[in-house]
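Reviewing the structure listed below.
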There are 2 protein chains.
Amino acid sequence: MGPPMELRFPTRDELRLVDVLHALSDPVRLQMVRSLDRADGALACVELLLPVSKSTGSHHFKVLREAGVVYCREKGTRRYYTLRRDDLDARFPGLIDAVLLADANAS
Amino acid sequence: MGPPMELRFPTRDELRLVDVLHALSDPVRLQMVRSLDRADGALACVELLLPVSKSTGSHHFKVLREAGVVYCREKGTRRYYTLRRDDLDARFPGLIDAVLLADANAS
DNA sequence: CGGAATGTTCGACCAAGATCGAACGTTGCA
DNA sequence: TGCAACGTTCGATCTTGGTCGAACATTCCG
């Protein structure tokens, strides 16, 4: 597939509030985060069943990844994503929980 | 000045997570929210000392207002803004506090 | 009344962003 | 080896958004 495993993502210390907030401020990306949060483990892209095209999905994954909201691991043709919940909470205490709660209450 | 006091803003129930997150995901608007939070009472626009032009400031106030992040009250030539902290917390428990905390820790 | 202060709107500009289909590269399996 | 599956990138499109200066409307005070 694309480039090596050197997908860009910020370390915990590099997480920027504005980037994270922006990444979360899109309905599709919020849905992605919700699905990842509810999953028992990592989810492959296809498992997320996004309501947009494959390429748009890719774009959204990139935003989430580069904002530091998710991690990605490649295995074969698949990429497995996990929510960086621990990192996010360590860096911005309570934020991701509040977002997920607010999101759940809206559903 | 502009139109009557019927500035548009959502009621507590109408607050939308994505809109609030988006409103908060800009550095200037985050600064505005920070200033309002730290103030003892309402602040007039000029008191916020924004690092952008007056018109851009107006634009930002509008975004915050329409997302439901702030209230606005007119008095004379001035408009006084307050953070809708209670509403935000009631609707999205913990969110605004987490954002403000994260913001403070970044400073 | 004139001028200053205040804040908004408008128009323009440029950038960013969400979206899509096509093309592509990689993996895995029959 | 060929094909399917997977996910990315590219280019295009359209929308949204941040920015600015100018023009404007309102308020207030000397």
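Throughout, protein chains are lettered first and strands after them, A, B, ... in sequence-line order, and every chain is numbered starting at 1. Atoms considered below: every heavy atom in the structure, side chains included; atoms not considered: hydrogens, waters and symmetry mates.
Scanning all heavy atoms of the two residues, the minimum distance from B:Asp103 to A:Leu17 falls at N-CD2, 3.8 Å. Of all heavy-atom pairs spanning B:Leu21 and A:Leu24, the tightest one is CD1-O, 3.4 Å.
Taking the six-membered ring where tryptophan is involved, the planes of A:Phe9 and A:Tyr71 are perpendicular, since the angle between them exceeds 60° and thus also 30°.
Under the 4.5 Å side-chain contact rule for hydrophobic residues, A:Tyr81 and A:Val63 do not share a cluster. If you chain together hydrophobic residues whose side chains sit under 4.5 Å apart, B:Met32 and B:Tyr80 never meet in one group.
In terms of position on DNA chain D, the residue among A:Lys54 and B:Ser53 whose nearest nucleotide sits closer to the 5' end is A:Lys54. Each of A:Asp26 and A:Lys75 was assigned the nucleotide of DNA chain C with the nearest heavy atom; the assignment lying further toward the 5' end belongs to A:Asp26. Annotation: of the two residues near DNA chain C, A:Thr56 and B:Thr56, the 5′-most nearest-nucleotide partner is B:Thr56.
Closest contact between the side chain of A:Val46 and the listed nucleotides C:dT19, D:dC6, C:dA18 involves D:dC6. Nearest nucleotide to the side chain of B:Ser58, out of D:dG18, D:dG7, C:dT9: C:dT9. Nearest nucleotide to the B:Val28 side chain, out of D:dG7, D:dT19, D:dG18: D:dT19. With distances taken from any side-chain atom of B:His22 to the nucleotides D:dG7, D:dG17, C:dG21, the minimum falls on D:dG17.
At the phosphate of C:dT6, neither OP1 nor OP2 sits under 4.0 Å from any side-chain N or O atom of B:Arg79. Considering only side-chain N and O atoms, A:Arg8 lies nowhere under 4.0 angstrom from the phosphate OP1 or OP2 of D:dT8.
Atom-to-atom, NZ of A:Lys62 to P of D:dT8 comes out at 10 Å; the value is rounded to the nearest Å. Per the geometry, CG belonging to B:Leu64 stands 15 Å off P belonging to C:dG7, to the nearest Å. Between the CZ atom of B:Arg78 and the C1' atom of D:dT27 there is a distance of 12 Å, rounded to whole Å. Between A:Leu21 atom CG and D:dG17 atom P the separation is 16 Å, expressed in whole Å. Here the P atom of nucleotide D:dG17 and the NE2 atom of B:His60 are 12 Å apart, to the nearest Å. Taking atom CZ of residue A:Phe61 and atom P of nucleotide D:dC6, one finds them 13 Å apart after rounding to whole Å. Rounded to an integer number of Å, the gap from A:His59 NE2 to D:dC6 P is 22 Å. Rounded to an integer number of Å, the gap from CG of A:Asp19 to P of C:dA16 is 13 Å.
Among the heavy atoms of the strands, none lies under 4.0 Å from B:Tyr80.
Judged by distance alone with a 3.5 Å cut-off, no donor-acceptor contact links the side chain of A:Thr77 to the base of D:dG7.
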